[in-house]
There are 2 protein chains.
Amino acid sequence: MTDISRRQVTLDEVAERAGVSRSAASRVINNAPHVSKAKREAVQRAVVDLGYVPNATARALATQQAGAVVLAISSDNPQVFADPFFAEVVVGVNSVLEETELELMLLLATSTRGQTRLEQLLRTRQADGVMMMSTHGDTLAELADKADVPVVFGGRPVNFEPRFYVDADNRGGARLATEHLVDKGRTRIATITGRMDEGAGTARFKGYQEALAVAGLDAGRVAHGDFSEDGGSRAMAELLSEHPDLDAVFIASDQMAIGALRVLTDAGRSVPGDVAIVGFNDIPSARHTAPPLTTVNQPIQALGREMARMLQSLMSGETPSPLILPTRLIQRAST
Amino acid sequence: MTDISRRQVTLDEVAERAGVSRSAASRVINNAPHVSKAKREAVQRAVVDLGYVPNATARALATQQAGAVVLAISSDNPQVFADPFFAEVVVGVNSVLEETELELMLLLATSTRGQTRLEQLLRTRQADGVMMMSTHGDTLAELADKADVPVVFGGRPVNFEPRFYVDADNRGGARLATEHLVDKGRTRIATITGRMDEGAGTARFKGYQEALAVAGLDAGRVAHGDFSEDGGSRAMAELLSEHPDLDAVFIASDQMAIGALRVLTDAGRSVPGDVAIVGFNDIPSARHTAPPLTTVNQPIQALGREMARMLQSLMSGETPSPLILPTRLIQRAST
DNA sequence: GTGAAAGCGCTAACAC
DNA sequence: GTGTTAGCGCTTTCAC
């Protein structure tokens, strides 16, 4: 293992050592043509001897390519990133980036400061591409979608369809979940929605409505949550007081389902005996609730992977199609 | 909101527009002294008019400062990053970086490829500093600790004490947990350890031993796990067959505790009636197991925050002291 | 196949 | 205070 605390070795030094011009050395490094075999080898030897590593900054300046992409997560709440969801996305993204020379920059834009930074980033090509996950607000998203830097979205904003995105089939998943409730013979099926200013929130609500419409059932038992456990509790309490006859609930996130479950139990309703519930996301905790939660799984790592792939494709001048990843029902004891 | 799809505006253009020299403009941008008020204002106006944003790459090349730090997580298993733990660390790190001009780069070094990249990074000053979390192996860590780039460690390697680190008090937490079991009147207290090639694994084991030594109890009932749920199940089964008399288990991670809990239940041992257990990490699921898990909480976001702060301090030439963050016992029904 | 030379956009001496 | 100048380390025409 070579000594790490050595100062930067420049291309000039390599060239000198190899007895060639700097341009020749450069050609070898970037394995470009027009170099004699002899020189090529001489340079390669010099590179090894000196432990040369190209200076990425200088290269970036010369080529006008940053050699980095950014994963930007814009939200009004710094804590959302603590959601394991993003960790999984990152793993997926990383798995494809690892095959390339691209660095990954992470931009958690919560404050206005972060937002500004994101805008500047978009404008100044400090990154060769951006993967954007926005949990709220469409204006930044529209802005990003218009930037001349390649941008792919993870998930879709509410009122706006980006040119390039990969999303989970939230609507389909919600339909699946609700249909499952119907299949189980439930007829008074309520829902607790997520935040309706997020794409996932509205899509899951639509899926619920569709499934009930098809089944010819009433889709009027709805309470709005915010994806959080507490929000789920509140919404469940509301539902219970306004629609005490409900016999099932489709809940737009497992976190909310956990909150709702507690309220149901406290109210003396057995699950799934009196009320069947299904959640969404398939978080680890969903396996450990009592009873374990039926839920909808989405392929999160795949989402990250496909975002990165789509970005690559975009960066190499292609025009990829948007992608919707399938979700699937995980059946457990709560239904 | 300004149009984003505009090409790069250079400092020269700003200078020309303001009718000053480039150096004057540069001074204003970096609010350095020696500029008359008039010119300063002229430049500021030009900046706004033109929508000038400095080119970070060029600046980095000129100043020899990357303007970015990296969070490197080196592990032999790509999946470890999916652990919510890291998401929390990132939130902490980001909260302090957000106050600065520094970008955050994420380096998940799993493959050899990633390792190489990390080494190069260390060597070429592509980043002004690195925060390093290594889950295994000490050689890379020692290498990093010797690099001339500021490096702070999150957690400590097993056989090696870095110069700058912030760590949770794993040993103290384990002692706390074990003492709690002692206080509950348990006398045949076993342990399931984590991976013993990770600092957290060995430290928690030491804490267990210490507590039992102080209490004058036998610390011989031990099985080794790997922090995973399955590993916990296996280890618990082993413990049950080799030390069927045990009446408590300190388990070095909640994930393992969940696995162990299932095995205990399946074996007909009631928790905490027959066997009391306590876990470590305070993951969300720990609240939803049956019974809910007593566990040790560590301040993960604070860990991230302090790593970033320590790095900043290091980068500004100071010599910070290592930091150990307190852990605390969260008492629930499993004891 | 080869090298000289001109940048990439910025900062930092230095002389005025 | 101010502007001129020389780089930072690399890539890339362009003529040979």
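Throughout, protein chains are lettered first and strands after them, A, B, ... in sequence-line order, and every chain is numbered starting at 1.
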Partners meeting ring pair (Phe, Tyr, Trp, His ring centres under 6.0 Å) with A:F81 (sequence neighbours left out): A:F86
For atom CD of B:E16 and atom P of C:dG9, their distance in whole Å: 15 Å
Exercise: identify the closest heavy-atom pair between A:E98 and B:L108: OE2-O, 3.3 Å
Whole-Å distance separating the NE2 atom of B:H34 from the P atom of D:dT2: 11 Å
A:R113 with B:E101: basic N within carboxylate O range, under 4.0 Å: yes
Side chain B:R22 and base C:dT11 donor-acceptor under 3.5 Å: yes
Donor-acceptor pair, side chain of A:D128 and main chain of A:G67, under 3.5 angstrom: yes
Polar pair under 3.5 Å, donor/acceptor by atom type, side chain A:R27, base C:dG3: yes
Side chain A:T116, main chain A:T112, donor-acceptor under 3.5 Å: yes
OP1 or OP2 of D:dG1 under 4.0 Å from side-chain N/O of B:K37: no
Sugar-phosphate, base or nothing in reach of A:S26, heavy atoms under 4.0 Å: base
Electrostatic pair A:R117-B:E103, nearest N-O below 4.0 angstrom: yes
Value in whole Å for how far the P atom of D:dG3 lies from CZ of B:R40: 13 Å
Check: A:N30 side chain, A:S26 main-chain N or O, donor-acceptor pair, under 3.5 Å: yes
Value in whole Å for how far the P atom of C:dA5 lies from CG of A:D12: 14 Å
Nucleotide C:dC10, atom P - distance to CD of A:Q126 in whole Å: 11 Å
Shortest non-hydrogen contact between A:I29 and A:P54, atoms and distance: CG2-CG, 4.3 Å
Residues within residues 53-69 of chain A bordering DNA chain C, heavy-atom distance below 4.0 Å: A:L61, A:A62, A:Q64
Pair of N/O donor and acceptor under 3.5 Å linking C:dA4 base with A:S23 side chain: yes
B:Y52 side chain, from C-beta outward: closest of D:dG3, C:dG3, C:dC10: C:dC10
Interatomic distance, B:L50 CG vs C:dG9 P [rounded to whole Å]: 14 Å
Among D:dT11, D:dC10, C:dG9, the one nearest A:T10 by side-chain distance: D:dC10
Between the first and last five pairs of the helix from C:dG1-D:dC16 to C:dC16-D:dG1, the angle of the axes, rounded to 10 degrees: 40°
Basic-acidic side-chain contact under 4.0 Å: A:D145, A:R156: no
